[in-house]
Amino acid sequence: MPQTLAAAVHSELLIKKSRFLGCVQPMADRASAQKVVAELRARHPGAAHVCWALLAGGQSAAVDDGEPGGTAGRPMLDVLRHQDLEGVLATVVRYYGGVRLGAGGLVRAYTDSVAQALLKADKVPIVRLTALRCQVPYAQEGLIRRELEGTGASLQGVVHGALVEFVFSLPEAAAAALVARLNEACHGRIGWLE
């Protein structure tokens, strides 16, 4: 099951006089990630590089920011993938210490920065929700409310008109079973809306 992070977590590594400031944090999309990276550049004007990796569905990215190609962003992204994370931004700010690390050393430094931060991070499962709408006669309103409470569905709204309309959401995995249970309990007097 994919996971995301509860909050931002930081790490700091010193490797051959270079300072690597790592951070992993929940992030929904690329635009938000680019804003965070721009803020990091402004906060660390003396940094040699601000490398980052975003794992957010179709908006994923891996940016080396001037480091040799494939030595920073891609390895950071691989760490996120290996942890089965989604909706997470990893950033590493590097202050150059005057000693070259080589391609292998850079890969290790950037992956270790992200991995160290992830060791301290609280991971939370991502639960995909399904939104459903239905209409029932007034006599069925109490039954629907009890069923929704019993399954942990989140009720977004109820409209009273000729019929009672419910709008609710619940985890995808539980949706089919609830629909079947409601169809049976209402004896065919429930109408499902798009």
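All residue numbers in this chain count up from 1 along the given sequence. Hydrogens, waters and symmetry mates are skipped; everything else that's a heavy atom, side chains included, is used.
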Minimum side-chain heavy-atom gap [X]-[Y] below 4.5 Å:
{"X": "E86", "Y": "Q3", "answer": "no"}
{"X": "R19", "Y": "L21", "answer": "yes"}
{"X": "S60", "Y": "L54", "answer": "no"}
{"X": "V63", "Y": "C51", "answer": "no"}
{"X": "D112", "Y": "L13", "answer": "yes"}

Under 3.5 Å, side-chain donor or acceptor atoms of residues 151-167 against the rest of the protein: list the pairs with distances, not counting sequence neighbours.
| unit_1 | atom_1 | unit_2 | atom_2 | d |
| --- | --- | --- | --- | --- |
| T151 | OG1 | E147 | O | 3.2 |
| T151 | OG1 | L148 | O | 3.2 |
| S154 | OG | Q156 | NE2 | 3.3 |
| Q156 | OE1 | S169 | N | 3.2 |
| Q156 | NE2 | S154 | O | 3.4 |
| Q156 | NE2 | S169 | OG | 3.2 |
| H160 | NE2 | E141 | OE1 | 3.4 |
| H160 | NE2 | E141 | OE2 | 3.1 |
| E165 | OE2 | R133 | NE | 3.1 |
| E165 | OE2 | R133 | NH2 | 3.0 |

Out of curiosity, [X] [atom1] to [Y] [atom2], how far, rounded to the nearest 0.5 Å?
{"X": "D78", "Y": "T111", "atom1": "CG", "atom2": "OG1", "result": "9.5 Å"}
{"X": "F168", "Y": "I144", "atom1": "CZ", "atom2": "CD1", "result": "7.0 Å"}
{"X": "R128", "Y": "T130", "atom1": "CZ", "atom2": "OG1", "result": "11.0 Å"}

With a cut-off of 3.5 Å and sequence neighbours excluded, list every side-chain donor-acceptor pair involving residues 186-194.
| unit_1 | atom_1 | unit_2 | atom_2 | d |
| --- | --- | --- | --- | --- |
| R189 | NE | C186 | O | 3.2 |
| W192 | NE1 | N183 | OD1 | 2.8 |

Enumerate the residue pairs fulfilling side-chain hydrogen bond (donor to acceptor under 3.5 Å, both in side chains) with a member in [range], sequence neighbours excluded, ordered by first and then second residue.
{"range": "residues 87-105", "result": "S18-R94, H44-Y95, E67-R94"}
{"range": "residues 68-77", "result": "none"}
{"range": "residues 24-38", "result": "D29-S32"}

- Message: Show me the pairs that pass salt bridge (charged side-chain N to carboxylate O under 4.0 Å, His left out) and involve residues 39-55, at least two apart or across chains.
- Response: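 Qualifying pairs, neighbours excluded: R41-D65.
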
- Quick one: which residue pairs count as a ring-ring contact (aromatic ring centres under 6.0 Å, His included) with a foot in residues 98-120, not counting sequence neighbours?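 Those involving residues 98-120 are F20-Y110.
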
- Tell me, please, which residues at least two apart from E172 pass salt bridge (Lys or Arg N to Asp or Glu O under 4.0 Å).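 With neighbours one apart ignored, the set is empty.
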
- Task: For A174, enumerate each residue passing the side-chain contact (heavy atoms from CB on, under 4.5 Å) test, keeping only those at least two apart in sequence or located in another chain.
- Result: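 For A174 the side-chain contact (heavy atoms from CB on, under 4.5 Å) partners, ignoring immediate neighbours, are L170.
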
- Test side chain to side chain donor-acceptor pair (under 3.5 Å) applied to R81 - qualifying residues, sequence neighbours left out: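 Counting only residues at least two positions away or on another chain, R81 forms no side chain to side chain donor-acceptor pair (under 3.5 Å).
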
- Under the side chain to side chain donor-acceptor pair (under 3.5 Å) test, residues paired with D64 that sit two or more places apart: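 Residues passing side chain to side chain donor-acceptor pair (under 3.5 Å) with D64: none at all.
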
Mind listing the side-chain donor-acceptor pairs of residues 114-124 below 3.5 Å, one per line with the distance, residues two or more places apart or on another chain?
| unit_1 | atom_1 | unit_2 | atom_2 | d |
| --- | --- | --- | --- | --- |
| K120 | NZ | H10 | O | 2.6 |
| K123 | NZ | Q83 | OE1 | 2.4 |

